[in-house]
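First the proteins, then the strands, lettered A, B, ... as listed; each starts at 1. Just so it is clear, the structure is predicted and the values come from calculations on it, not from any experiment.
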Number of protein chains: 2
Amino acid sequence: MEKFYPEFSARFAQFLEHIRGRRIAIVGHARPDGDCIGSQVALARVLGTLGHEVLCVNPDLVPRRLQFLVPGMRFARTDEMLADRTDYTAIFVDCADHARAGERLKGRFPVVTGNIDHHLSSAGFAEWNFVDVHSAATAEVLAGMFFDNGLTVDAQTAQGLYTGILTDTGQFRFTSTTRRTFLLAAELMARGAKPTEAGFELYERETTGKLQLLERFLASLRMECGGRVCVGTLPNGIFEATGSTAEDTEGLVDYARCIDGVDVGVLIEERPDGAMKASLRAKNPAFRLDRVAAQFGGGGHACAAGLNYKGGAAGFREKLVAAIAAQIAAVDTPEEKK
Amino acid sequence: MEKFYPEFSARFAQFLEHIRGRRIAIVGHARPDGDCIGSQVALARVLGTLGHEVLCVNPDLVPRRLQFLVPGMRFARTDEMLADRTDYTAIFVDCADHARAGERLKGRFPVVTGNIDHHLSSAGFAEWNFVDVHSAATAEVLAGMFFDNGLTVDAQTAQGLYTGILTDTGQFRFTSTTRRTFLLAAELMARGAKPTEAGFELYERETTGKLQLLERFLASLRMECGGRVCVGTLPNGIFEATGSTAEDTEGLVDYARCIDGVDVGVLIEERPDGAMKASLRAKNPAFRLDRVAAQFGGGGHACAAGLNYKGGAAGFREKLVAAIAAQIAAVDTPEEKK
């Protein structure tokens, strides 16, 4: 059979050989999404079948909507991990850099043995890096390497990987979706992935608080750059006011992006500590939003980037819009066109 | 290679032999959706490669959002078709029965040579029927039979088939989605289908008016029946106030339905003529919303029904909620449970 990841699979087998018998911590990032949790669950279960003792670690809780992926799995948070002085071999998943899991977990795991990711800005900070920027999801890389090596993918593992692919492709819609993505989805269904269950859990269990947050976000939308950038703002205190949580912001920025004529959608969230969090989404990867985010200490993908700016609220929105406008102008200039 | 439709493919080759050299009309249904238009375009193009003169026929216009599928294709409406007395061999696609294309087109084509469909209620009204109720879309049946027979699937054909599958699976989410669905999507991508373009045209060309309408609809949401029914209301004049159109109400009711714990979502629209239009959506077909709608002169499916009530606004909402509550109570009663 054709290999899904011919460039990685043999090396992944060597990696598994290298870590054989060790106790493993699978570390994900702050505010974990479907690809992060799905990849953690899947890798933990596959390593479990190989005899490893495995623990998943995140700075934040597994979001309510992703709880369906984790029955029977051990998830620890930062405090618990710092109190646990056992020796773990660390594998980071879906983390573009070492600090994506938070500075405290970075300190707890100064040496990272494995790193599996698909982010453009991924720094290759581990001893063994499996980073493919052409993959739609970390779960896609994992699924391909698991199948290529004939590893045991049970129904819960398959559902984790499927959910990672589903969420990170925006339901098979982003440009990162390839023929391989669909072939892996087919194979994951054959192993027990349930698209209907994933769709129900992810998209049909909204809270009224989330819908009130959406209502407020829609009311805040403003056009910039002649209608090519649409910015929505969530002021400090809005979660309390609407009965929502920070995790309910997921997906809001897509309402700004999906307006006809808009190239870049932006969500700005004022944090209680005065920091400004921004999510940037483009329809076209030419806009390289990862570069825009990098100007504010952030990162991500060409079409989906984020940042957490601690320089204060004053003038932030204007600076961010100016940086996006400059990026759009660069793409519009014929010399820069792709 | 494994066949996608082993039960159909040889017979489909015989069918193509049977119609060889004939002038073909490919007939779709009223209010055509992505599966209807995508299937028509794809079948027309494949028959074109076999030397047929082909015309697509629908009672209604190709919707704005599906225009990206039809460049260079001939689409006729009912009047034009009735005026054209040329002899056509009729193939119906995505039509559960002969009259789905309207009584006038049924009269124009009293004999149907081919029928390709996936609806549960499909009546097998043609000389050659290719109806698979386990398929997610008519486009899935067509794609499988095309690949099984080695027919020419170019990029525009692939995009039509992909779009049919995408829309009729609710973005690969409905229970009809199978391993075969994903394998066909992979093969269609290899032939030039573009998921990002389809997603863009279908889901990323919102108007600001539509988002304002959504904002107002969300603000109007109220719970009934202890949180099991969620009702949103669009008052008369809201389209003018938000810069939206009646067509923009599509999908709004799903926001009411998709709340955790809600069984039935409702949208009530006050029409300028004083009529009350309502859309009802359930998560579970047990609630038989078609029966609720019928009490107000409406109809539809178990999970998706609608009505247009001319008895005046006074007390309408209360009567409708009471009817839904009675239906829920009937389902809750063990004797009535399925």
Side-chain angles (χ1 to χ4, degrees), chain A residues 64-65 166 169-191 193-200 202-208 210-221 223 227 230 254-262 265 283-285 303, chain B residues 162 166 169-191 193-223 227 230 232 254-262 265 283:
Chain A
R64 180 184 65 87
R65 282 168 186 252
L166 179 73
T169 57
Q171 300 186 73
F172 302 98
R173 228 159 88 184
F174 299 159
T175 47
S176 52
T177 307
T178 64
R179 174 173 172 269
R180 177 179 58 202
T181 315
F182 285 115
L183 288 177
L184 285 167
E187 192 59 31
L188 290 168
M189 275 207 81
R191 308 298 179 104
K194 294 186 181 64
T196 301
E197 180 200 57
F200 174 76
L202 293 167
Y203 308 116
E204 304 197 354
R205 300 193 63 187
E206 298 290 6
T207 63
T208 52
K210 163 82 186 229
L211 292 186
Q212 283 189 38
L213 187 71
L214 171 58
E215 181 195 332
R216 295 280 294 268
F217 179 72
L218 292 173
S220 80
L221 292 179
M223 289 294 183
C230 182
D254 292 313
Y255 287 88
R257 180 180 60 89
C258 285
I259 298 172
D260 203 18
V262 167
K283 283 178 180 155
N284 187 323
C303 280
Chain B
Y162 180 82
L166 180 73
T169 57
Q171 300 185 74
F172 301 97
R173 225 158 93 186
F174 300 157
T175 48
S176 52
T177 307
T178 64
R179 174 173 172 268
R180 177 178 59 200
T181 315
F182 284 116
L183 288 176
L184 284 168
E187 191 59 31
L188 291 168
M189 276 206 80
R191 307 299 178 104
K194 295 184 181 64
T196 301
E197 180 199 58
F200 172 77
E201 296 286 347
L202 294 166
Y203 309 114
E204 305 197 355
R205 300 192 63 186
E206 298 291 5
T207 62
T208 51
K210 164 85 185 226
L211 293 186
Q212 283 189 38
L213 186 71
L214 171 58
E215 181 194 332
R216 294 280 293 270
F217 179 72
L218 292 173
S220 80
L221 292 179
R222 296 292 177 271
M223 289 296 184
C230 182
D254 292 313
Y255 286 88
R257 180 182 61 90
C258 284
I259 298 170
D260 202 19
V262 166
K283 282 178 181 155

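Contact annotation for A/Y203: both backbone and side-chain heavy atoms come within less than 4.5 Å of a heavy atom of chain B. Looking at A/L221, only its side chain comes within 4.5 Å of chain B, counting heavy atoms on both sides. Residue B/S176: no heavy atom, backbone or side chain, is found under 4.5 Å from chain A. For B/K210, no part lies near chain A; criterion is any non-hydrogen pair under 4.5 Å. Of the atoms belonging to A/R65, not a single heavy atom falls under 4.5 Å from chain B.
Between B/K283 and A/E204, none of the side-chain N atoms (NZ, or NE/NH1/NH2) sits under 4.0 Å from a carboxylate O, so this pair counts as no salt bridge.
Residues A/E206 and B/D260 have side chains not in contact (no heavy-atom distance under 4.5 Å, counting atoms from C-beta outward).
Ranked by heavy-atom pairs under 4.5 Å with chain A, the first of B/T178, B/T169, B/L188 is B/T178. Counting heavy-atom pairs closer than 4.5 Å to chain A, the top-ranked of the candidates B/D254, B/V262, B/L214, B/L202 is B/L214. In terms of heavy-atom pairs under 4.5 Å with chain B, the best-connected choice from A/A185, A/A193, A/G170 is A/A185. Per-residue counts of heavy-atom pairs under 4.5 Å with chain A were compared for B/A219, B/G199, B/G227; the largest is that of B/A219.
Between B/F182 and B/F172, the two ring planes are parallel [angle under 30°; tilted spans 30° to 60°].
The two residues B/G232 and B/S220 come nearest to each other via the heavy atoms CA-OG, 3.4 Å.
In this structure, OH in B/Y162 is found 7.5 Å from CE in B/M189, a value given to the nearest 0.5 Å.
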Worksheet item: Can you check side-chain contact (heavy atoms from CB on, under 4.5 Å) on A/T207 and B/I259, steps first, answer last?
Response: CA-CA 6 Å; A/T207 63; B/I259 298 170; over 6 Å; no

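For A/R216, the CZ atom sits in a loose shell: 12 or fewer heavy atoms of surrounding residues, nucleotides or ligands are nearer than 6.0 Å.
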